[in-house]
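Below is one structure; the comments refer to it alone.
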Amino acid sequence: MTSPSPQTSTTTERYNAREAEPRWQKIWDERGIYRTANGDPRPKYYVLEMFPYPSGRIHIGHGRNYVMGDVVARFKRMKGFNVLHPMGWDAFGLPAENAAIERNTHPGKWTYENIATMREQLKLLGLSLDWSREIATCDPSYYGEQQRIFIEFLKAGFVYRRESEVNWDPVDNTVLANEQVIDGRGWRSGALVERRKLAQWFFRISDASEELLAGLDTLERWPDKVRLMQRNWIGRSEGLHVRFALENAAAELPQEIKVYTTRPDTLFGASFLALSPGHPLTEALAAGDPALKAFVEECRRGGTSTAEIETQEKMGYDTGLKVAHPLGGPSVPVYVANFVLMDYGTGAIFGCPAHDQRDFDFATKYRLPIVPVVLPTGADPAQFSVADGPYDGDGTLFNSQFLDGKSVPHAKEAVALRLENEIRGNEPVGERAVNYRLRDWGISRQRYWGCPIPVIHCESCGPVPVPEDQLPVRLPEDVTFDQPGNPLDRHPTWKHVACPQCGAPARRETDTMDTFVDSSWYFARFASEPGTAPLQKDAADAWLAVDQYIGGIEHAILHLLYSRFFIRTLQKIGRVSVKEPFAGLFTQGMIVHETYKDQAGKWLFPEEVEKRPDGTAVRVGTDEPVTVGAPEKMSKSKRNVVPPEVVADTYGVDCARWFMLSDTPPERDSEWTSAGIEGAWRFVQRIWRLVGDTVALAPAATAAPADFGAESTALRRASHRLAANVADDVERLRFNVAVARVHGFANEFGDALSAARKAKTVAPDLAFALREAASILVSVIAPMVPHLAEECWTVLGGAGLAATAHWPASDPALLVDDSVTLPIQINGKKRGEITVPKAASPAEVEQAVLALDLIAEALDGRAPKRIIVVPQRIVNVVA
RNA sequence: GCGGACGUGGCGGAACCGGUAGACGCAGCGGACUUAAAAUCCGCUUCCUUACGGAGUGCGGGUUCGAGCCCCGCCGUCCGCACCA
């Protein structure tokens, strides 16, 4: 893209961002104005952007949420709050291990080098961060505390261990993350992935389902969308557990199967029962049935990701078993079916093909009866058919004995009542149950670059927590990545330790924790001052909850739900007092940019492309045409990135900040364009000129005169209103509206300045109003373009720094007008205007309107049918 | 399939609780300044119409004195979830 180089201009009146920005950053840094102290008497405000993964370098697209958070932080500081605005690094994770393999380096070295680079890039953006509280989750002091918390959770019963399936690469002999499985094959080896069971650690998040669901109602400053996504994810349902008695099971087998159903009303439509391949009864049967065993293995093939499971065709295996119908209907056969999930409900279902798509598909394939039992309202029972597909709507029961004629909810209730009161073997046959989709959180990862799980496995004592005085369990440095598998597992010495309980030779847990654990409490770590214990109750209680959390919508479910669970659990064990970590949440949109490809189909960087006036694009310095693609999320692979350094050198970071806040509402995706950044540059220069012009016309600050004329009063109204309105906009994170308002004011202010310039002299009241306007303008833009604001502040002779100044107070008297201009409608169409005193009564307004010529013409001598006067708003005359 | 959001000029988007639709910016056009250019400043810029005037917030209806906003029915786009019994 062709870009002018504004900074190469030597015109002295121009604002020189490249010179000013580093200078102010140095001054802020030296004075430590963004360092936050605990125990400050001012009210607290905690603003936080989701911390980044140190992947290498940032591009300007990453900057948007940090800039938004920075505007809030700076604004709240000006409003008198003690603001905490920290930054850290989500530093553990798989990419570091991949980099280690590719570059033959250590994951820690790679990570810390990236952190160093990205820290400098973030500093370039002029963010008002308290860098003294910086943390990296891969720091032993951080993950050591996490191990301590893990052990406390374990002792309090929030953690347990069980077998669970993983993706297994049989060639590389390694566990794969879901994203490493591509089309059912290992990403590196290309081998067909298998599901294999491993003993793994779980957090009991599903026990918290109900409170996590209920807690959503308290999160009023969260987007409804995110709350809804979490609600669906938790997936509460109400149903019935029903015990089906087996009629022909061998004596050594269980004699019944328990199923969960949300549709007990359709029991008379049941034509089969289906067990999950992982169901204990399936396993018991498979032990003596090689064909079933083969079927179960067939079901196991393929990855564990839901995407893969869900695309499989329905398959079943008839076990030959039969169950009695609990309400006296005919017996039904028992199948094992691949589509029944072991993790949900009881791992067994009853199938009612007439009213469920999956059951319908299954019954059709295996030629099982399809008996409709719910008749849509108004349908003719003789005509109604489900031959073309199941019916899952409301209606009236039929073909259902004692349920016939009842509505679906009434039938559900009737079945529940009947089965609850039917006792078999001391227990009711049916029991009402609430079920949740949410499953326990598996945190074991067979990886090196993560927080070691602080447990020692002993042959005789079982899993034993690492004693407090041996924490943190540090990652060994001397590891290699030249072969697949977990380096911790094959390290020669690391895992061999004595059992803390009996002293016998034992083995360390070699799994590390899911990195979502790291990000589930980092915001609590920021609360305690540097050099102190990572999780201090007093500090955490003082700062939490985060008042404004800002990040991408992609974390709407997992990160935010896990953090909510983690903080609730910390609260239960007495480590913190709050229950919800984030009081306010905002999800910002991405920065997108056009993509460019050359003739060979190779991606090009924006700076390699030149736009011609005729609308075509070519490679810089050539005639080679370039294909311009739709704007997409900035990404390294597509090369549609803009590095922050380039923007800073060309226009200055204030331009980038202003541009990122302009035009597009912050929750939507925003397109980065050269026209946009140039517009921001023009604006920055314009502010600079407005301030310069002000000082030229009114060189010295003066005390407020006793009286103001019409011109100066009008200007003061505009500037005082600006301060009030922008405060409101920023408070509501409507940055694009705030920007538009500043533009509007700049237009008015510019007009006032040129009018003053044309007049021979500037009266004292106008001189005061001009300087006041400039000062308010500078204060109002300070959170958004902080460097420019400092430079202007200096020119205006402001005390101290713009960054530490107070938000300008608006004189209430200047915010209200004493007269108001009302539009006049005739039959709902605007035909004129009238200016009346603000205090005018509706009757007075009505009289004034009727006296107007345009009304007399419209009425043509007739009396109006009706006149609606909405005070301060509008007048509508119905002719 | 289920759930949700959105649909306003050439473009990004404003419009508070149902009350002047198109603020502000971008792009474009015209003008001033300049030897010239850049920069800057001024003006125009929803559509139709020479004008008067009329139409207009995806489409069709409705409620209302008045609808971008509320209700009903469509169409389209985007997002999330999905064998959850």
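Order of the sequence lines sets the chain letters (A, B, ...), proteins ahead of strands, with each chain counted from 1. Since this is a predicted model, take the numbers as computed values, not measurements. As a basis for the values below, the full set of heavy atoms in this structure was taken, side chains included, without hydrogen atoms, waters or symmetry mates.
- Remark: A/Asn876 is not in phosphate contact with B/G19, judged by side-chain N or O atoms under 4.0 Å from OP1 or OP2.
- Listed nucleotides B/A82, B/G12, B/A23 differ in distance to A/Trp233; the shortest reach to its side chain belongs to B/A82.
- Nucleic acid contact class of A/Lys830 (heavy atoms, under 4.0 Å, all strands): base.
- At a cut-off of 3.5 Å, with distance as the only test, a side-chain donor of A/Asn747 or A/Arg686 sits close to an acceptor on the other residue.
- Applying the salt bridge (Lys or Arg N to Asp or Glu O under 4.0 Å) criterion to A/Asp663, with sequence neighbours excluded, gives no partner residue.
- Residue A/Arg236 is out of contact with every strand shown, counting any heavy-atom pair closer than 4.0 Å.
- Within residues 724-733 of chain A, no residue has a heavy atom under 4.0 Å from RNA chain B.
- The nearest whole Å value for the distance from the CZ atom in A/Arg682 to the P atom in B/A38 is 13 Å.
- Within the structure, a side-chain polar atom (N or O) of A/Arg689 is placed less than 4.0 Å from OP1 or OP2 of B/C41.
- Cation-pi geometry between A/Arg437 and A/Trp233 is satisfied (NZ or CZ under 6.0 Å from the ring centre, within 45° of the ring normal).
- For A/Asn747 and B/G25, the shortest distance from a side-chain N or O to OP1 or OP2 is below 4.0 Å.
- Counting only heavy atoms from C-beta on, A/Ile874 has its side chain closest to B/U20 among B/U20, B/G12, B/G3.
- Between A/Ser206 and A/Asp440, the side chains place a donor N or O and an acceptor N or O closer than 3.5 Å (distance only, hydrogens not considered).
- A centroid separation of 6.0 Å or more is found between the aromatic rings of A/Tyr317 and A/Tyr335.
- Between A/Arg668 and the phosphate of B/C6, there is no side-chain N or O to OP1/OP2 separation shorter than 4.0 Å.
- Within 4.0 Å of A/Ile868, counting heavy atoms only, lies at least one base atom of the nucleic acid.
- In this structure, A/Lys314 forms no cation-pi arrangement with A/Phe362, as its terminal cationic atom is not both closer than 6.0 Å to the ring centre and no more than 45° off the ring axis.
- Of the nucleotides present, B/C42 is the one that pairs with B/G30 by Watson-Crick or G-U wobble criteria, both distances under 3.5 Å.
- Contact annotation: A/Ser662 does not reach the phosphate of B/C24 (side-chain N/O to OP1 or OP2, under 4.0 Å).
- Under the Watson-Crick or G-U wobble criterion, with both distances below 3.5 Å, B/C6 is paired with B/G76.
- Closest to the A/Tyr344 side chain, of the nucleotides B/G3, B/G12, B/A85, is B/A85.
- Comparing B/A15, B/A85, B/C65 by their nearest atom to the side chain of A/Val878 picks out B/C65.
- In terms of phosphate contacts, A/Arg831 brings no side-chain nitrogen or oxygen within less than 4.0 Å of OP1 or OP2 of B/G66.
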